[in-house]
Amino acid sequence: MHATETFPPPLLALAGFSKSFAGFKALDRVDFSLRAGEIHALLGENGAGKSTLIKAMTGVVQRDAGSLRLDGVEIAPRSAEEAVRAGIATVYQEVNLAPNLSVAQNLFLGRQPTRFGLVREGEMRRRARALLSEFGLAIDVSAPLESYSVAVQHIVAIARAVDQSARVLILDEPTASLDAHEVEVLFAVMRQLSARGIGIVFVTHFLDQVYAICDRITVLRNGRLAGSAPVDELPRLDLVRLMLGRELSEATSRRPPASEGEAPADVARFRGVGKAGTIAPFDLTLRAGHVVGLAGLLGSGRTETVRLVFGADRADCGAVEVAGRAVSIGSPREAMALGFGYCPEERKTEGIVAELTVRENIALALQARRGALSPLSRREQDALAAKFIGLLDIRPPDPERPVGLLSGGNQQKVLLARWLATAPRLLILDEPTRGIDVGAHAEIIGLIRDLCREGMALLVVSSELEELVTYADEVVVLRDRAHVARLSGAEIEVSTILATIADAPASLAAA
Amino acid sequence: MIRSLSRLSPVLATAAVFLAGFVVCSLIYPNFASLRVVMNLLTDNAFLVIVAVGMTFVIISGGIDLSVGSVIGFTTVFLALAIERWGVPPLAAFVLILVICAAFGAGMGAIIQYFELPPFIVTLAGMFLARGVSFLLSTESLPITADLYAHLSDHAFRFDGGARLTVPAMIMLVVVVGGMVLLHLTRFGANVYALGGSRTATGLMGINVARTTVLIYTLSSVLAGLAGIVFSLYTSSGYSLSAVGVELDAIAAVVIGGTLLSGGYGFIFGSFLGVMIQGLIQTYISFDGMLSSWWAKIATGLLLFAFIAFQQLTLHLARRSRRAPAGVHP
């Protein structure tokens, strides 16, 4: 035992957790401890390692290194089932219950009271009502689960977990789809469980909720422990800095502002464009040779903005002008016809086709634009692939290699090449440096600058603020699904962006 | 209360269609409304109901079993050969074929589970396999003359007016009741529904998904074997071409009975009614005497369309009403 360990000893203690996926370090020697009765926020941006940490401690994925102790006893669950038996239960954002079964069946599935092999329906319902009443829920337990709101479904999932003698309860973004009132109901349940001595790990990206209910905060960033502190010792600005910022002392080389003299031509202008419940109406002007960065926390409305710009979602108000002409963008197809390109954040699921070769992946978007009736000849494809492999330095330089076998950085370049092949006037990049190794970061950033110099308009979503400030001409800061500030010139500083992001209202307006 | 009624609405609709059809037939043909017609409906469709009960389990769990028709054909050929050529006592042959069917179903379930293959493909392979093996055994229609067969086909509860509740019908009713108990009142039944609701979630809730899947396909094949026994009792013969396409009749009956083809919802009793509706159409055609029997297929096809449309409509309405705030009482 370490003599320095706090008293009382932690309920759950993780030390030196590491996990790599295909060479990419998703978790790098992370420590984490949870006390009995504590509500502990686990925070971090997308890709910070939160999900991997949760999966590694519940046996859904196997850790490469590290120890896990529950009540001082070393445990090594090999599946979610074993973790539950050991006393660690997880409730995911997506409720993992059977929606078609009754509430009572869901609470007791696999352990229903039986007599002569038959389920004692009445007894089961009675127990279900008793169990849910502990959580302040008086509902018809014989109705199917799906007939209730997501909040109720979450509470049912929590009740099931706790009833299976959980000591540690992990709540993975339970509030993402709840309204303010439902969040309060959930919080009441959490407080009650913590009073019973259950340790709760609370994953969320709503900072207001963290300050409303948590005792302690642990922040992950890029697979590493960024910091851990009691909630009253970590003011909001410091928290945001922990989540987004690296060493602020790091010198950042600002890009020289684009030739000030002549005003560059507007490529696209968005006036009052928005969608109810998704993103508040915003103005956005994208100019040739300019980079506009979108900064904000996860869930602040960055991706939503981009989806409206690219027509993946339909705006319900506002006007769009492209090259001085009023247009309406109703679908990605129309956006592509206007010369827009979009590299999504989820490379694996939305971007590359892993089984196809580098050549085929690069040719995809151009082919789609030309239509199936005028196929690109093999010679054109080869020329295209050779050109971009050379231009973007894709490695290995083999056009016939399946993209799935390339590293993350090179996959990202293939995706970029695909859009560059269509010679877009506006290219949208969603987290272009996510999940790729540090060396490749610099290359991608270099590419972004080159594209700009060639007169392309760029709209970049990034959580890497240090990177954003080096290439953006303008940074739009988002918070709570609205554009709250537009920074340009000398205002583009990591500290300014952080302060703008952190300045959130104290209300509990979650959803 | 209203909620549980709305869950039953597909079955109630099927029951209404059956009753309406029966009334219409009775108005056209006064002889129709008799106990005798009802009893014949039960006997003539006994094997199909038994298969449909197994199919209901499979479909509710989110799967499909295309092999059942072939399993029936194989069973009849196997029984004919075992009893007539190999001299196996009929009861022993029954036990033997049920064990073979159980192994066959368990094998398909295991392949579906452990190789993560779609049930459609695996049971399609099982369908060809079982049909092929029955051709291998014999391509002729083989009569079964054992005493037990004569005795069993003679044995029946007799009612006034010549109505008879035959052994096949009795076996079928026992299977229906047994299936209802198993599906609606046991842990296994709840697991079957859970699988159809969400396979991933069921696993995360600590249910043994592999065991449940294997058991479901075992059950379906055993019931297909039992249907084969009933079929051979009914026809007193074994023929490798018997029950071709019965899997599709069974699937149609299950869907008409209100079970969702995508899994998660359904009732055994609905499948029973689904078969009875198909039987009713057949009976009407034989009463008419002029209509081609293909009209039965056409009517079944139209009914299927109507019921699928009805299901989508009720699902849609249910989802819409769910948007209304559900009860949180802090």
Side-chain angles (χ1 to χ4, degrees), chain A residues 58 60 79-82 84-85 90 92 94-102 104-106 108-114 116-121 124 132-133 135-140 142-153 155 157 160-161 164 178-179 181-182 184-186 188-189, chain B residues 1-8 10 59-62 178 180-212 259-260 262-267 315 317-330:
Chain A
T58 53
V60 176
S79 68
E81 207 183 321
E82 282 189 23
V84 167
R85 234 176 287 136
T90 315
Y92 295 94
E94 202 168 304
V95 181
N96 272 306
L97 297 174
N100 55 328
L101 290 186
S102 72
Q105 287 278 18
N106 267 299
F108 294 105
L109 192 71
R111 54 198 188 101
Q112 300 99 325
T114 57
F116 310 124
L118 300 186
V119 174
R120 297 167 67 196
E121 189 75 28
M124 185 172 75
L132 289 182
S133 73
F135 295 89
L137 212 56
I139 56 174
D140 175 10
S142 60
L145 183 74
E146 62 192 347
S147 59
Y148 292 106
S149 67
V150 181
V152 172
Q153 296 187 21
I155 293 172
R160 178 182 165 93
Q164 287 173 296
L178 306 187
D179 66 29
H181 169 68
E182 292 171 330
E184 270 310 323
V185 174
L186 184 69
V189 168
Chain B
M1 227 33 238
I2 295 160
R3 256 200 211 110
S4 51
L5 265 185
S6 77
R7 281 189 90 188
L8 281 170
I59 291 181
I60 288 177
S61 80
M180 286 166 75
V181 170
L182 187 61
L183 183 61
H184 303 308
L185 297 179
T186 65
R187 283 185 181 177
F188 172 74
N191 293 349
V192 171
Y193 278 102
L195 270 186
S198 166
R199 214 178 163 78
T200 343
T202 309
L204 286 176
M205 279 195 275
I207 301 302
N208 191 332
V209 172
R211 182 168 153 261
T212 311
T259 297
L260 215 55
S262 48
Y265 306 85
F267 299 92
L315 263 183
L317 291 179
R319 292 215 172 107
R320 257 213 348 218
S321 69
R322 212 172 292 144
R323 298 254 187 282
V328 186
H329 306 288

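Letters go in sequence order (proteins before strands), and every chain restarts at 1.
Interface check for chain B: of the options A:Q105, A:R111, A:R85, A:E82, the most heavy-atom pairs under 4.5 Å are formed by A:R111. Residue with the most contacts toward chain B among A:G117, A:S142, A:G110: A:G110 (heavy-atom pairs, distance under 4.5 Å). For the set A:A98, A:S79, A:A188, A:A161, the entry with the most heavy-atom pairs within less than 4.5 Å of chain B is A:A98.
The contact between B:I207 and chain A is made entirely by side chain atoms (from C-beta outward), counting heavy-atom distances below 4.5 Å. Of the atoms belonging to A:R160, it is side-chain heavy atoms, and not backbone ones, that fall under 4.5 Å from chain B. For chain B, the nearby parts of A:L118 are the backbone and the side chain; heavy atoms of each come within less than 4.5 Å.
For the pair A:I155 and A:F135, the tightest heavy-atom approach, listed with the atom from each and the gap, is CG2-CB, 3.9 Å.
Annotation: ring-ring contact (aromatic ring centres under 6.0 Å, His included) contacts of A:F108 (sequence neighbours excluded): none. For B:R211, the side-chain contact (heavy atoms from CB on, under 4.5 Å) partners are B:N208, B:L215, not counting sequence neighbours.
Side-chain atoms of A:N100 come within 3.5 Å of backbone atoms of B:G264 as a donor-acceptor pair (strictly under, hydrogens ignored).
Rounding to the nearest 0.5 angstrom, the gap separating the CZ atom in B:R187 from the OG1 atom in B:T212 is 12.0 Å.
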